[in-house]
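Numbering of ligands and ligand atoms starts at 1, following listing order.
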Amino acid sequence: MRKNIVAGNWKMNKTLQEGTELAKELQAALNGKAVKCDVIICTPFIHLASISQIIDTKTVKLGAQNSADKVSGAYTGEVSAAMVASTGAQYVILGHSERRAYYGETNAILKEKVKLALENNLTPIFCIGEVLAEREAGKQDQVVKTQIEESLFDLSAEDFGKIVLAYEPVWAIGTGKTATAAQAQEMHAFIRQTLAGKYGAAVANETSILYGGSANAGNAKELFANPDVDGGLIGGAALKVDTFLPIIEAF
Ligand code: PGA
C-alpha cells in the first residue's frame, strides 16, 4: 500500500532558534499519538543538522527544500545532495514552482537534481503543476505530463518507485484559493494514469501523490478523502503546530 504523507514546506521562514522551537513543539505534540500518515518537515538548509538531533524520525521525518544539480566543487552558495543527506535528512523537495519561477529551474536541471538526490539516498518530493494561464487554456494535463516526462521518465522503474510526487497548481499556492477536491482528484488520477503508461499499474499504484496549494485544516479532510490524493505538501499552515497538526489528523 502506498504511503499517506503530510509534509510541511517551511520555505524561507523561521530563524534557526524559531525553527528548532517549532520542531520541538511538533515532536512533543506527536509523541504518543497514533497518526495515520508519515509526517515530514522540509526546513531551510541551515536548520537541518540541528533539527535532525531534535526529532525522532519514527514520528517526524526531515527534508530539505532544494539540492544542487552538481556533485561538488566551485558552485558558490549551492548545497549538494550529499551535504543534505549528511545532516540526517531523508527527503528533498525538488522542482517547487517557486524554484522554477524565481531561480530558473528547468525540467533538464531538475532531472540532474533528482538523479543526485537518489544517488545520495534522499527521497525526492517532486513538484509539478500548471500556472493559472495554462489551466485557463485547458493545458494543465499536458504541462504536468511534460514536467514528469522530461525530469523523471529516464529513471528505471526501481528508481521511480522511490519518488514522491506533489501536484501543486501554482494558482493555489499561498493564494488561499485551493483546487476543489474534484479538480485535485481529476489531476491526480491523470498523473497516476501517466505513470501507469510508463512504468505499469503496480508502480503507479505504489506512488504517493500529494496535493499542495492552500491546504489547511478546513479543507484537508475533503482533499485527502479522494482515492488518488495521498496527502499534502503544506506551506503556510505548516508554520505553526496549531495549524499543521489538524492537517496531519485529517487522516
Ligand atoms: P501553501 O504552499 O500551502 O502556502 O499554499 C504550498 C507549497 O508551496 O508547497
Where the side chain of Lys198 meets the backbone of Phe153, is there a donor-acceptor pair that is under 3.5 Å apart? yes
At less than 4.0 angstrom from any atom of ligand 1, which residues have a non-hydrogen atom? List them by chain and residue number. Asn9, Lys11, His96, Glu168, Ala172, Ile173, Gly174, Gly213, Ser214, Leu233, Ile234, Gly235, Gly236
Nearest atoms (heavy-atom pairs only) where Val6 meets Phe224: CG2-CE1, 4.0 Å
Can you tell me how the ring of Tyr167 sits relative to the ring of His188, calling it parallel under 30°, perpendicular over 60° and tilted otherwise? perpendicular
side-chain hydrogen bond (donor to acceptor under 3.5 Å, both in side chains) contacts touching residues 62-85 (sequence neighbours left out): Asn66-Lys113
On a heavy-atom basis, which atom in Arg192 and which in Ala204 lie closest, and how many Å separate them? NH1-O, 2.9 Å
Given 3.5 Å as the limit, does a donor-acceptor pair link the side chain of His47 with the main chain of Lys14, or not? yes
